Amino acid sequence: MAGLSYRWDYAESADSANMAPCTMTSRPIKTRFAPSPTGLLHLGNIRTALFNFLLARQAQGLFLLRLEDTDAMRGHEKYARAMELDLRWLGLDWDEGPEIGGRHGPYAQSERGPLYKEYFSSLESRGLAYPCFCSEHELAISRKTALAAGRPPRYTGKCRALSAPDVQARFARGEPATLRFRVDEGKTIEFEDKVRGPQIFRTDDIGDYVIRRSDGTPAFFFCNAIDDAIMGVTLVVRGEDHLTNTPRQIMLLQALGLPLPEYAHIALVVGADGAPLSKRTGSKSVQELREGGFLPLAVSNYLARLGHTYDASAFMDLETLAENFNLSRLGRAPARYDESQLVYWQKEAIKHTSNEELWVWMNSKAILSSYVSSFVPKGKELLFVKVIRDNITTPEDAFIWAGNLFAESHKYDRDAKSAIDKAGSDFFKKALECFNNDTATFHSYVKMLEIVTNKKGKSLYMPLRAALSGEVNELISQSGRVYEWNHGPQLEAIWELLGVDLIKRRLSEAKTTTK
RNA sequence: GCUCCCAUCGUCUAGUGGCCUAGGACGCUGGCCUCUCACGCCGGUAACAGGGGUUCGAAUCCCCUUGGGAGCGCCA
């Protein structure tokens with residue numbers, strides 16, 4: 001094995017001449033998303049997944065999913081499934097991973113225990129790793145004193161030079177021990193980060209670190225790096241919180257003679273206040289977004305532009321998003337989550353979705369234990385979508401319109417009521433009389449009404465609109481959002497949607513309420 | 001505490017020494033369209049964190065300050 005000093009792909013150092021040639025570039029690109037199922041995915045996590053997916057797609061490579069459930073994680077099954085659902089929902093289908101398998105399985109770290117054994121013993125037998133008997137308590141104290149003395153809270157190397165007989169004896173006594181990776185002193189680790197450029201780390205800043213816990217389970221640094229290598233991952237795109245972890249993983253991989261992936265560390269997503277994403281600052285989980293009625297492509301279009309930029313500002317499908325994705329177009333500063341921009345992409349997504357799909361979408365969720373479809377008469381589904389699609393951003397909005405337009409009877413809101421009262425019952429009496437001709441088009445009807453009532457403009461249309469589209473559903477205003485009578489689609493479109501019978505009924509309803 | 005990363009309109013960003021009187025998108029806002037809201041179209045608002053250098057010339061390069069983020073764990 002060459003020295004620990006490592007250079008990426010420059011040939012400018014003597015060290016690099018000793019290195020095994022980097023073969024990654026000849027392999028097809030393989031990216032991965034390796035979440036730890038300790039909770040629901042949030043925007044930041046899923047953005048990392050998206051970028052990895054996009055990069056794989058772009059290069060016609062492979063996107064791999066691996067569950068990092070090294071710990072005995074409570075409820076990880078539940079979260080793992082939730083994650084898979086989130087990824088599928090967004091369309092980030094993985095080519096290898098849980099549920100679908102692949103050549104490098106299993107894809108849950110908890111099931112990979114036996115695979116790590118040989119790597120541990122390889123390291124141990126060559127003296128590159130050593131058992132450490134320090135107790136957690138002992139380490140905590142040492143960390144504290146180091147911190148108090150103004151030194152980094154690094155492992156002191158206490159068990160570094162334990163003699164073999166010593167180690168034997170302590171094992172014989174049954175003392176628990178972790179396995180620590182021995183970090184060479186006085187070396188530097190260099191690599192080229194695909195978004196941050198050349199990186200240089202001194203090994204002196206890195207303490208010997210635990211690669212196997214005293215209970216025998218592998219630690220994150222270890223299995224994460226090993227798995228990437230043996231699963232053939234060529235490009236690791238992950239949050240910048242892992243940037244300073246990277247040299248440790250590079251050292252490990254080099255010590256084991258495993259292939260190194262390329263690394264790209266992306267800036268984290270922060271909340272509107274600039275603080276890390278958290279539920280407290282209003283950051284939503286992917287699940288909440290989905291349940292809130294956001295369309296998957298709205299989320300992708302937003303996320304792909306959060307800390308990343310495209311030349312075109314047009315709405316794109318996943319394919320196009322992938323084609324034009326570019327690591328060098330990634331910002332290096334943390335990006336803030338801004339819901340108004342997500343909402344913008346939601347509106348764009350709606351524009352790019354067919355009536356059929358929107359109908360399914362607006363019925364995908366029960367609102368107040370009811371569905372949009374419970375209001376809209378059979379056969380009028382698509383027409384309904386067509387009429388209201390420009391006026392909605394959520395399934396709730398569609399639900400309100402369905403109620404407004406098709407509910408058994410109207411309860412007018414204040415504006416509607418006043419428009420109706422202002423017109424007077426005589427207006428609606430005449431409106432009903434004019435309506436006798438059921439072959440009338442909206443235009444000819446309005447013409448006639450205009451002559452009969454001697455009204456025009458607002459005083460003619462507003463009462464009609466009020467009578468036909470009524471008011472907001474009272475129950476909806478309880479769900480947190482307050483809906484006002486928000487006018488809505490062209491009257492002509494509403495007219496055609498409602499049909500003769502309903503229009504008649506609405507007009508007489510209006511007439512009765514004026515008294 | 002130490003090490004590292006980052007810093008352009010309110011937000012996402014373009015910008016890699018002259019093309020910058022700093023461009024685009026979202027938001028906000030004025031107008032047009034119009035029976036209303038939305039859509040659409042046309043306009044407006046608004047930024048190089050601060051201070052020093054380097055240079056004929058700096059948003060762009062260097063240093064310091066400030067502010068934000070991360071790492072230093074038997075967490076991942």
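On a predicted model such as this, the values are computed, not experimentally measured, just so you know. Sequence lines set the chain letters: A, B, ... in the order given, protein chains first and strands last, and positions in each chain run from 1.
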Gap in Å between the two [atom1] atoms, one belonging to [N] and one to [M], rounded:
N	M	atom1	value
B/C20	B/U8	C1'	12 Å
B/C6	B/G30	C1'	37 Å
B/A14	B/A25	P	15 Å
B/U13	B/C37	P	34 Å
B/G69	B/U11	P	15 Å
B/A58	B/G51	C1'	15 Å
B/A47	B/C41	C1'	27 Å
B/C19	B/U60	P	13 Å

Checking contacts here: which listed nucleotide ([options]) is nearest the side-chain heavy atoms of [X]?
X	options	value
A/Ala335	B/A76, B/U13, B/C26	B/U13
A/Arg196	B/A38, B/C35, B/C5	B/C5
A/Thr309	B/A14, B/C12, B/C39	B/A14
A/Asp338	B/C35, B/U11, B/A7	B/U11
A/Arg329	B/G15, B/A25, B/C74	B/G15
A/Ser340	B/G27, B/C35, B/A25	B/G27
A/Asp390	B/A38, B/C26, B/U3	B/A38

A/Tyr130 six-ring face occupied by A/Arg180 cation (under 6.0 Å, within 45°): no
Geometric cation-pi criterion A/Arg66 and A/Tyr107, 6.0 Å radius, 45° cone: no
Over 12 non-hydrogen atoms of neighbours within 6.0 angstrom of CZ in A/Arg202: no
Could you check which nucleotide pairs with [N] in any of the strands shown, counting Watson-Crick or G-U wobble with both distances under 3.5 Å?
N	value
B/C26	B/G10
B/A59	none
B/A70	B/U3
B/C41	B/G31

Can we call the ring centroids of [X] and [Y] under 6.0 Å apart?
X	Y	value
A/His242	A/Phe220	yes
A/Phe384	A/Phe375	no
A/Trp495	A/Phe442	yes
A/Tyr209	A/Tyr155	no

Parallel, tilted or perpendicular: ring planes of A/His352 versus A/Phe315, cut at 30 and 60 degrees: parallel
Parallel, tilted or perpendicular: rings of A/Tyr310 and A/His308 (30°, 60°): perpendicular
From [atom1] of [X] over to [atom2] of [N], roughly how many Å is that when rounded to an integer?
X	N	atom1	atom2	answer
A/Asp311	B/G23	CG	P	18 Å
A/Gln490	B/A38	CD	P	14 Å
A/Arg332	B/C5	CZ	P	12 Å
A/Tyr337	B/G27	OH	P	14 Å
A/Ile206	B/C2	CD1	C1'	14 Å
A/Lys158	B/C74	NZ	P	14 Å
A/Leu460	B/U34	CG	C1'	14 Å
A/Tyr344	B/C39	OH	C1'	12 Å

Option from A/Asn52, A/Thr246, A/Thr48 for which side chain to side chain donor-acceptor pair (under 3.5 Å) with A/Arg238 holds: A/Thr246
4.5 Å side-chain heavy-atom contact, A/Pro261 and A/Leu253: yes
Touch class at under 4.0 angstrom, heavy-atom based, for [X] against every strand present:
X	answer
A/Thr178	base
A/Ser214	base
A/Pro176	nothing
A/Cys132	nothing

Could you pull out the protein-nucleic contacts involving nucleotides 65-73 of chain B (nitrogen or oxygen on both sides, under 3.5 Å)?
from  : atom 1 : to       : atom 2 : distance (Å)
B/G71 : O4'    : A/Thr244 : OG1    : 3.1
B/G71 : O2'    : A/Thr244 : OG1    : 3.1
B/G73 : OP1    : A/Pro153 : O      : 2.1
B/G73 : OP2    : A/Pro153 : O      : 3.4

Earlier contact from the 5' end, RNA chain B, for A/Lys351 and A/Gly331: A/Gly331
RNA chain B: 5'-proximal contact among A/Arg212 and A/Arg305 (nearest heavy atom): A/Arg305
Any donor-acceptor N/O pair under 3.5 Å between B/U36 base and A/Arg465 side chain: yes
side-chain hydrogen bond (donor to acceptor under 3.5 Å, both in side chains) assessment of A/Arg213 paired with A/Thr217: CA-CA 5 Å; A/Arg213 301 189 188 90; A/Thr217 58; 2.8 Å; yes
Residues A/Arg336 and A/Asp273 bridged, charged N to O under 4.0 Å: no
Produce the list of close N/O pairs, under 3.5 Å, pairing protein atoms with atoms of nucleotides 42-49 of chain B; give distances to one decimal.
none

Is_stacked (A/Tyr461, B/C35) at 5.5 Å, 30 deg: yes
